Amino acid sequence: MDTTAPTTRRVVISQNITLDGSIEMLDDWFDPQESNEAELEVLFEQSQRCEFLLLGRQTFEDFRGYWPEVEDDATGISSDLDEQEKLVVSSTLTDPAWQRSRVLSSDWIEEVRRLTAEPGQDIVVTGSIRVCHALISAGLVVEYRLYVVPYVQGRGRRLFPDGTTIPDLDLVESQAFSNGHALLVYKAGIN
């Protein structure tokens with residue numbers, strides 16, 4: 001019999017990020033179809049620990065308009081996303097029109113806070129810059145997974161809003177991939 005107590009859900013931000021810190025794709029600096037085997041292996045391992053994928057409306061619509069339409073997806077990401085439980089932050093979207101998706105509208109931060117108080121696996125956010133900024137400001141993020149892409153965009157919105165300080169970040173994992181990407185995982189000194 002397993003006597004370990006279940007862990008509460010954690011909010012994790014997982015972002016592709018340029019070398020100069022931009023997460024907004026104003027240029028074509030990232031193509032998910034170019035992820036190599038080792039990088040995909042790490043992504044799917046992380047996906048196994050994800051209970052909810054939390055997305056802003058624009059990122060959700062971008063994903064919904066792309067991934068379900070990919071034929072012969074060699075990466076396997078399309079199938080993985082179909083199986084994920086997706087939470088969409090939107091005050092205007094009523095029908096997400098993608099399996100295993102539901103909309104969070106008003107008080108979505110409180111809904112996320114409530115979910116983090118319950119036992120379960122990770123709540124992972126990707127893209128969704130405004131959602132990330134709100135979660136960071138609310139102090140709910142406990143882990144940052146940064147997939148650094150060797151590209152300098154020179155402009156674009158960044159992961160951390162201006163004026164944000166998070167003094168207690170600990171590097172808990174780093175890995176370089178043969179395609180030039182690097183994964184850096186930081187835990188915040190909270191929870």
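Keep in mind the model is a prediction, meaning the values are calculated, not measured.
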Next item on the list: Not counting sequence neighbours, which residues clear side-chain hydrogen bond (donor to acceptor under 3.5 Å, both in side chains) with Q175? List them please.
Entry: none
Taking only distance into account, with no hydrogens and no angle test, what donor-acceptor pairs under 3.5 Å do side-chain atoms of residues 146-155 form with protein atoms, sequence neighbours excluded?
| unit_1 | atom_1 | unit_2 | atom_2 | d |
| --- | --- | --- | --- | --- |
| Y147 | OH | Q46 | OE1 | 2.8 |
| Y147 | OH | Q46 | NE2 | 3.3 |
| Y151 | OH | D27 | OD2 | 2.9 |
| Q153 | OE1 | L26 | N | 3.0 |
| Q153 | OE1 | D27 | N | 3.0 |
| Q153 | OE1 | W29 | NE1 | 3.0 |
| Q153 | NE2 | S22 | OG | 2.9 |
| Q153 | NE2 | E24 | O | 2.7 |
| Q153 | NE2 | R155 | O | 2.8 |
| R155 | NH1 | D27 | OD1 | 3.4 |
| R155 | NH1 | D27 | OD2 | 3.4 |
| R155 | NH1 | Q153 | O | 3.4 |
| R155 | NH2 | D27 | OD1 | 3.0 |

Note to self: Give me the atom names and distance for the closest heavy-atom approach of S105 to S91.
What the structure shows: CB-CA, 4.5 Å
Margin query: With side chain to side chain contact (heavy atoms under 4.5 Å, CB included) as the test, pick out the partner of F52 among V124, I123, V125.
Written below: I123
Checklist line | Euclidean distance, S14 OG relative to N16 CG, rounded to 0.5 Å | finding: 7.0 Å
Checklist line | Minimum-distance pair of heavy atoms, taken over all atoms of A97 and R64 | finding: O-CD, 3.6 Å
Check: Please, which pairs that meet salt bridge (Lys or Arg N to Asp or Glu O under 4.0 Å) have at least one residue in residues 169-180, sequence neighbours excluded?
Finding: none
Item checked: salt bridge (charged side-chain N to carboxylate O under 4.0 Å, His left out) against K187, all qualifying residues, sequence neighbours excluded -> E143
Notebook entry, point to check: Could you give the distance from CH2 (W108) to CG (L135), rounded to the nearest 0.5 Å?
Noted result: 4.0 Å
Item checked: Spacing of T116 atom OG1 and E118 atom CD [to the nearest 0.5 Å] -> 8.5 Å
Notebook entry, point to check: Does the ring center of W98 lie less than 6.0 Å from the ring center of F63?
Noted result: no
Notebook entry, point to check: Shortest non-hydrogen contact from C132 to Q15?
Noted result: SG-NE2, 3.3 Å
Checklist line | Residue pairs fulfilling side-chain hydrogen bond (donor to acceptor under 3.5 Å, both in side chains) with at least one residue in residues 121-131, sequence neighbours excluded | finding: R10-D122, T59-S128, D122-R145
Check: Which pair of non-hydrogen atoms, one from E111 and one from R114, has the smallest distance, and what is that distance?
Finding: OE2-NH2, 2.6 Å
Notebook entry, point to check: Can you name the residues that form a side-chain hydrogen bond (donor to acceptor under 3.5 Å, both in side chains) with T92, not counting sequence neighbours?
Noted result: S90
Check: Could you state the interatomic distance from CD1 (I17) to CG (L184), rounded to the nearest 0.5 Å?
Finding: 9.0 Å
Margin query: L115 vs L87, test: side-chain contact (heavy atoms from CB on, under 4.5 Å). Steps then yes/no.
Written below: CA-CA 12 Å; L115 289 170; L87 303 174; 3.9 Å; yes
Notebook entry, point to check: Can you check whether E85's main-chain N or O pairs, donor with acceptor, with R102's side chain at less than 3.5 Å?
Noted result: no
Margin query: So, taking the atom named CD in E41 and the one named CD in E45, what distance separates them when rounded to the nearest 0.5 Å?
Written below: 7.5 Å
Next item on the list: Start with the C-alpha distance between D62 and L55, add both sets of side-chain angles, then the distance that settles side-chain contact (heavy atoms from CB on, under 4.5 Å), and finish with yes or no.
Entry: CA-CA 10 Å; D62 290 346; L55 302 169; over 6 Å; no
Next item on the list: Assess whether side-chain contact (heavy atoms from CB on, under 4.5 Å) is satisfied between I166 and Y186, documenting all intermediate values.
Entry: CA-CA 11 Å; I166 305 174; Y186 292 92; over 6 Å; no
Notebook entry, point to check: Of all heavy-atom pairs between V103 and T94, which one has the smallest distance, and what is that distance?
Noted result: CG2-O, 4.2 Å
Next item on the list: Apply side-chain contact (heavy atoms from CB on, under 4.5 Å) to T164 and L159, showing your working.
Entry: CA-CA 10 Å; T164 300; L159 177 57; over 6 Å; no
Next item on the list: Report the distance from atom CG of L53 to atom CZ of R100, rounding to the nearest 0.5 Å.
Entry: 11.5 Å
Notebook entry, point to check: Can you tell me if S47 uses its side chain to pair, donor with acceptor, with the backbone of L43 under 3.5 Å?
Noted result: no
